[in-house]
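See structure below.
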2 protein chains.
Amino acid sequence: MFVLDLKSGVPICDQIVNGFIKMKALGLISAGDQMPSVRSLALKFSVNPNTVQKAYAILESGGIIYSVKGRGSFVSDDESAHSAVLDRARSDFKAAVSAARDLGLGSLELNKIINDIYKEEEKC
Amino acid sequence: MFVLDLKSGVPICDQIVNGFIKMKALGLISAGDQMPSVRSLALKFSVNPNTVQKAYAILESGGIIYSVKGRGSFVSDDESAHSAVLDRARSDFKAAVSAARDLGLGSLELNKIINDIYKEEEKC
DNA sequence: CAAGTGTACTAAGTCACATAGTACACTTAG
DNA sequence: CTAAGTGTACTATGTGACTTAGTACACTTG
């Protein structure tokens, strides 16, 4: 399970959303798995249930999870939701590349940074 | 001169800061050049002078510009400030790469995105 | 001297975010 | 059936960042 950084300035509900999206991308949770209940996760994170509820609502609106009254929330198998996440990731990355280019970083350096980060992965 | 996007959610003062940093990186302004006055820039952007003043204070604290009472603000030639900007850019880009990797994007795709964006530049 | 400059300060308004508390409908285990 | 646990909805409140508004002062330059 991911952790929250209350000092980061990133809204808590967004951190929860991104945390579960990452978990799904990494295979730590899969379609059909039951999500922690709103109240239990709020307790675990020492956060208000309303904040978790908001995060779950965002995840559901994005098709990442679905919720059933009285039963709980579950990881969705919506393929279009997954590709939407990837599209968003590509878009964000493109913006990051453009920003780096505007500040004078060269393509070679950017490629090197990428390779360095992905080499870290191979070590595992 | 750059433009402001009031709908972006990015604080106006930050947009002004980033705008001038980009302008310096692109060579549109150089060390010694005089910055627009706080009041005139506020008028141009239809923004409160306090907001521009805040942006200039941030730029000065970062060594990007320096200000002289009664005369105006000027672009600094502080080399360490420039390298600090580059360091920040590298750090931001690394974070973007890590985020993209966590969401399942491969290094080959990221490299391709970079090359595509930098090819756009060559056309000019 | 007058105009333009940076700088500082208080006050107010707006907005997003988080918290607090309550309430209701539903499902499931007992 | 009952109780516990679930998602969901709602109002109210507090906080902090951001912006605006207005005023004021010290300084430089023509």
Side-chain angles (χ1 to χ4, degrees), chain A residues 1-20 29 31-76 78 81, chain B residues 1-21 29 31-78 81:
Chain A
M1 182 69 65
F2 51 91
V3 292
L4 298 184
D5 182 0
L6 302 182
K7 305 174 298 182
S8 68
V10 181
I12 297 176
C13 60
D14 289 357
Q15 291 187 45
I16 295 175
V17 168
N18 294 330
F20 281 114
I29 55 176
D33 288 355
Q34 181 157 15
M35 301 279 289
S37 80
V38 170
R39 292 173 178 83
S40 67
L41 192 61
L43 206 61
K44 178 174 183 178
F45 281 151
S46 298
V47 149
N48 194 282
N50 291 332
T51 303
V52 177
Q53 163 61 21
K54 187 176 179 182
Y56 277 22
I58 294 174
L59 286 169
E60 184 166 19
S61 74
I64 314 293
I65 67 174
Y66 65 93
S67 300
V68 185
K69 246 191 203 173
R71 292 201 52 212
S73 301
F74 306 87
V75 179
S76 169
D78 188 348
Chain B
M1 181 71 63
F2 51 90
V3 292
L4 298 183
D5 183 1
L6 302 181
K7 304 174 300 181
S8 68
V10 180
I12 299 175
C13 59
D14 288 355
Q15 291 187 45
I16 296 175
V17 168
N18 294 331
F20 281 114
I21 289 179
I29 54 175
D33 288 354
Q34 180 158 15
M35 300 280 288
S37 79
V38 170
R39 291 173 180 81
S40 67
L41 192 60
L43 205 61
K44 178 174 184 179
F45 281 150
S46 298
V47 148
N48 194 282
N50 290 333
T51 304
V52 177
Q53 162 61 20
K54 187 176 179 182
Y56 277 22
I58 294 174
L59 286 168
E60 184 167 19
S61 73
I64 312 294
I65 67 174
Y66 64 94
S67 299
V68 185
K69 249 191 204 173
R71 293 201 50 211
S73 300
F74 305 86
V75 179
S76 168
D77 63 348
D78 187 349

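From a predicted model like this one, the values you see are computed outputs, not experimental measurements.
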Check: B:Val10 main-chain N/O paired with B:Gln15 side-chain donor or acceptor under 3.5 Å: yes
Spacing of NZ belonging to A:Lys54 relative to CD1 belonging to A:Ile58, to within rounding of 0.5 Å: 6.0 Å
Nucleotide C:dC9, atom P - distance to CG of B:Asn48 in whole Å: 17 Å
Residue-phosphate contact under 4.0 Å: B:Thr51 side-chain N/O, D:dT20 OP1/OP2: yes
Touch class at under 4.0 angstrom, heavy-atom based, for B:Glu60 against every strand present: sugar-phosphate
Sugar-phosphate only, base, or nothing, as touched by A:Ser73 at under 4.0 Å among non-hydrogen atoms: sugar-phosphate
Distance, rounded to the nearest Å, where A:Leu6 contributes CG and D:dT15 contributes P: 17 Å
Residue pair B:Ile29 / B:Phe20: nearest heavy atoms and the distance that separates them: CD1-O, 3.8 Å
Nearest-nucleotide pick for B:Arg71, side chain only, options being C:dT7, D:dT29, D:dT19: D:dT29
Between C:dT7 (C1') and B:Tyr66 (OH): distance, integer Å: 18 Å
Nearest-Å distance for atom pair CD/P, residues A:Gln34 and D:dT6: 8 Å
Of the listed nucleotides D:dT19, D:dG7, D:dA26, the one nearest the side chain of B:Lys69: D:dA26
Close side-chain approach of B:Pro36 to B:Lys44, heavy-atom, < 4.5 Å: no
Parallel, tilted or perpendicular: ring planes of A:Phe45 versus A:Phe2, cut at 30 and 60 degrees: tilted
Under 4.0 angstrom between A:Ser37 side-chain N/O and D:dT6 OP1 or OP2: yes
First of A:Pro49 and B:Met35 reached from the 5' end of DNA chain C, by closest nucleotide: B:Met35
Sorted by number, the residues of residues 7-19 of chain A with heavy-atom contact under 4.0 Å to DNA chain D: none
For atom CG of B:Leu43 and atom P of C:dG6, their distance in whole Å: 13 Å
Length of the CZ-P vector between A:Arg39 and C:dC24, whole Å: 14 Å
Main-chain N/O of B:Met35 paired with B:Ser73 side-chain donor or acceptor, under 3.5 Å: no
Protein-nucleotide distance (B:Gln53, atom CD; D:dC18, atom P), rounded to Å: 16 Å
D:dT6 OP1/OP2 closer than 4.0 Å to side-chain N/O of A:Ser67: no
Donor-acceptor contact below 3.5 Å, side chain A:Glu60 vs main chain A:Ser67: yes
Gap between atoms NZ and C1', on B:Lys54 and D:dA21 respectively (whole Å): 16 Å
Given D:dA21, D:dT6, D:dC25, the nucleotide with the shortest approach to the side chain of B:Asn50: D:dA21
